[in-house]
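Read through the structure below, which is laid out as structure tokens, and then see the notes.
Note: hydrogens, waters and symmetry copies are ignored here, and every other heavy atom, side chains too, is used. Keep in mind that what you see is a predicted model, and the values were worked out from it rather than measured.
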Amino acid sequence: MNRTERFIGWRYLVSRRGMRFINVIGIVSVAGIAVGVAALLVALSVFNGFNSVVTSVLVTFDPHIRVEKKGFMDGGEYARAAAVVGSDPPVAAFSPFVSGKALLSAGYHQRVVSVRGIEEREIDAVTGIGSKMVLGGTSLGETGGLPGVIIGITLADRLSSVVGSEITVVSPAGLQGAISGAAAPRQARYRIAGIFESQNKEYDANYAFISIGEAGRLFEKPGKISGLDIRVRDIEEAAAVSGDIGAALPGDYSVSTWYDLHRSLYSVMKIERWSAYILLSLIIAVATFNVLGSLTMSVLEKQRDIAVLRSCGLPGGSVIRIFLFEGLLTGAAGTAAGLAIGLGVIFLQKEFHLFPLDPTVYIIPAIPVEIRLWDFISVTAASMGLSTLAALYPARRAAAVEPAAALRWE
């Protein structure tokens, strides 16, 4: 596009005198695009905010990568997996674990939960339990003759237990013998050493942690482990590290990242995000219909000017570019205004919590927002792309004006 085409397009856009109907349509077009862009940018930032909150809650508690094997690993299999994991430079720490379902009993209260055996010395390095303790500590050693157990605050409430209370853990390992009457079910007594609050009701109500040695005895798998929990130095490297570990281990091992552990949740959030993007883009699409109408009326109004320009040798391609440029200017004005409005709302929400949440119900005080560069790119691309499409028909119609027919009655 040369300077002449840009100059004519700009003059056509800004030189309209008076508040005629075509001017009103142009103003409405800019306003509509601005509203659509602002709504889309704010909606995407809210989805980003909730995604970050969910990720921070889950990743603080869960490992970045988990290596498991069908059944349990024996000592040799664990040594092989540990050698592979430990040789990867991005790995910051890793620890074995033993996992299984068990029945927790305290007085008349009983709950079936996931019991995980972990290494006490690696609690802070691999898990986020240490940072989530609200009562007691993370010591899993014996206190008063009983080994320690760490449970969630919701589970403690349902068991009517506090730090120092005794609970009984019944393992399914001896269930078959108990049903036949040949033996009593495998069970052990523990003393609550600490209570954590992960801000995730699923974890707080359904997880209990004991030492890895106690878990081996409880599930009758001494010397064996269920898998390894791994923390990497940068969570963004988790996918690449998991691929390297998976390639180095035999096929009967499974390697999952923090995303894989909650894939269904993240898939739903991704679908909701794309649905919002498409639906809110329709607001911009509707606004661009006004651009189409405004430019079409401008073409009808400027037929004499177009005929004169064509008679002076201006090619049809230049006429198309003139009106495309006019449509792009309208789209750019609406997009810029929408981005400014959206950024203003996002800033006010972050600083002043315009839309608060009930802290007794939610773990955050207000609707979270987070700005990402990709949002600017996608929103701008949608707005400018739709504006270009809307300007295409009037531009082609302008190029089809016959100079002789337009000037016949002038």
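- Checked for salt-bridge contact, Glu77 and Arg80 miss the test: no charged N lies under 4.0 Å from a carboxylate O.
- Counting only distance, with no hydrogens or angles, the side chain of Gln110 and the backbone of Ser105 share no donor-acceptor pair below 3.5 Å.
- Put simply, CZ on Phe47 and CD on Glu272 are 5.5 Å apart, with the number rounded to the nearest 0.5 Å.
- Relative ring orientation between Trp274 and Tyr277 is described as perpendicular, the plane-to-plane angle rising above 60° on a 0-90° scale split at 30° and 60°.
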Inset, instruction - Run the numbers on Leu103 and Val112 for side-chain contact (heavy atoms from CB on, under 4.5 Å), then give the verdict. - result: CA-CA 4 Å; Leu103 175 69; Val112 176; 3.8 Å; yes
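- The side-chain heavy atoms of Leu40 and Ile283, taken from C-beta on, include no pair separated by under 4.5 Å.
- Taken to the nearest 0.5 Å, the CG atom of Leu339 stands 6.5 Å off from the CZ atom of Phe376.
- Rounded to the nearest 0.5 Å, atoms CG (Leu261) and CD1 (Ile65) are 10.0 Å apart.
- Between Lys101 and Ser114, some side-chain heavy-atom pair lies under the 4.5 Å cut-off.
- One finds a salt bridge joining Asp375 and Arg273 here, because a Lys/Arg side-chain nitrogen approaches an Asp/Glu carboxylate oxygen to under 4.0 Å.
- The line from NE2 of His109 to CD1 of Ile167 is 13.0 Å long, rounded to the nearest 0.5 Å.
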(request) Begin from the C-alpha positions of Val57 and Tyr203 and carry the test side-chain contact (heavy atoms from CB on, under 4.5 Å) through to its verdict. (result) CA-CA 10 Å; Val57 170; Tyr203 290 161; over 6 Å; no
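- When atom types are taken as modelled, the side chain of Glu120 and the backbone of Leu140 share a donor-acceptor pair closer than 3.5 angstrom.
- Phe72 has its ring centre no less than 6.0 Å from the ring centre of Phe219.
- Side-chain contact, Ser45 with Asn48: no donor N or O sits under 3.5 Å from an acceptor N or O.
- At least one side-chain heavy atom of Trp258 sits less than 4.5 Å from a side-chain heavy atom of Tyr266.
- Under a 3.5 Å cut-off, the side chain of Ser383 and the backbone N or O of Thr380 do not form any donor-acceptor pair.
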### Task
Start with the C-alpha gap between Glu214 and Leu218, add the side-chain angles, then the distance that decides, and say whether side-chain contact (heavy atoms from CB on, under 4.5 Å) holds.
CA-CA 6 Å; Glu214 282 293 327; Leu218 182 67; 5.9 Å; no
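- Note that OG1 of Thr257 and CD1 of Ile245 are 11.0 Å apart. Values are rounded to the nearest 0.5 Å.
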### Task
Evaluate the criterion side-chain hydrogen bond (donor to acceptor under 3.5 Å, both in side chains) for residue pair Asp204 and Ser198; output intermediate values, then yes/no.
CA-CA 6 Å; Asp204 293 344; Ser198 66; 2.8 Å; yes
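- With a 4.5 Å cut-off on side-chain heavy atoms, Thr138 and Phe209 do not count as touching.
- By the side-chain hydrogen bond (donor to acceptor under 3.5 Å, both in side chains) test, Arg233 is found to be paired with no residue, residues two or more places apart in sequence or in another chain being considered.
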- Message: Would Lys132 and Thr127 count as a side-chain contact (heavy atoms from CB on, under 4.5 Å) here? Give the steps.
- Response: CA-CA 10 Å; Lys132 299 297 182 181; Thr127 72; over 6 Å; no
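- One finds no salt bridge joining Glu68 and Arg66 here, because no Lys/Arg side-chain nitrogen approaches an Asp/Glu carboxylate oxygen to under 4.0 Å.
- Here the CD1-CD1 distance, from Ile346 to Ile371, works out to 4.5 Å after rounding to the nearest 0.5 Å.
- In this structure, a donor-acceptor pair under 3.5 Å is absent between the side chains of Ser254 and Lys69.
- Contact check for Ile230 versus Val241: no side-chain heavy atoms found under the 4.5 Å cut-off.
- Taking the side chain as every heavy atom from C-beta outward, Ile192 and Val162 never approach each other to under 4.5 Å.
- For the pair Pro90 and Asp244, the minimum side-chain heavy-atom distance is 4.5 Å or more.
- Under the 3.5 Å distance criterion, with hydrogens and angles disregarded, no donor-acceptor pair is assigned to the side chains of Thr55 and Tyr259.
- Residues forming a side-chain hydrogen bond (donor to acceptor under 3.5 Å, both in side chains) with Glu166 (at least two apart in sequence, or on another chain): Arg189, Arg191.
- Contact annotation: the side chain of Thr154 never approaches that of Asp157 to less than 4.5 Å [non-hydrogen atoms, C-beta and beyond].
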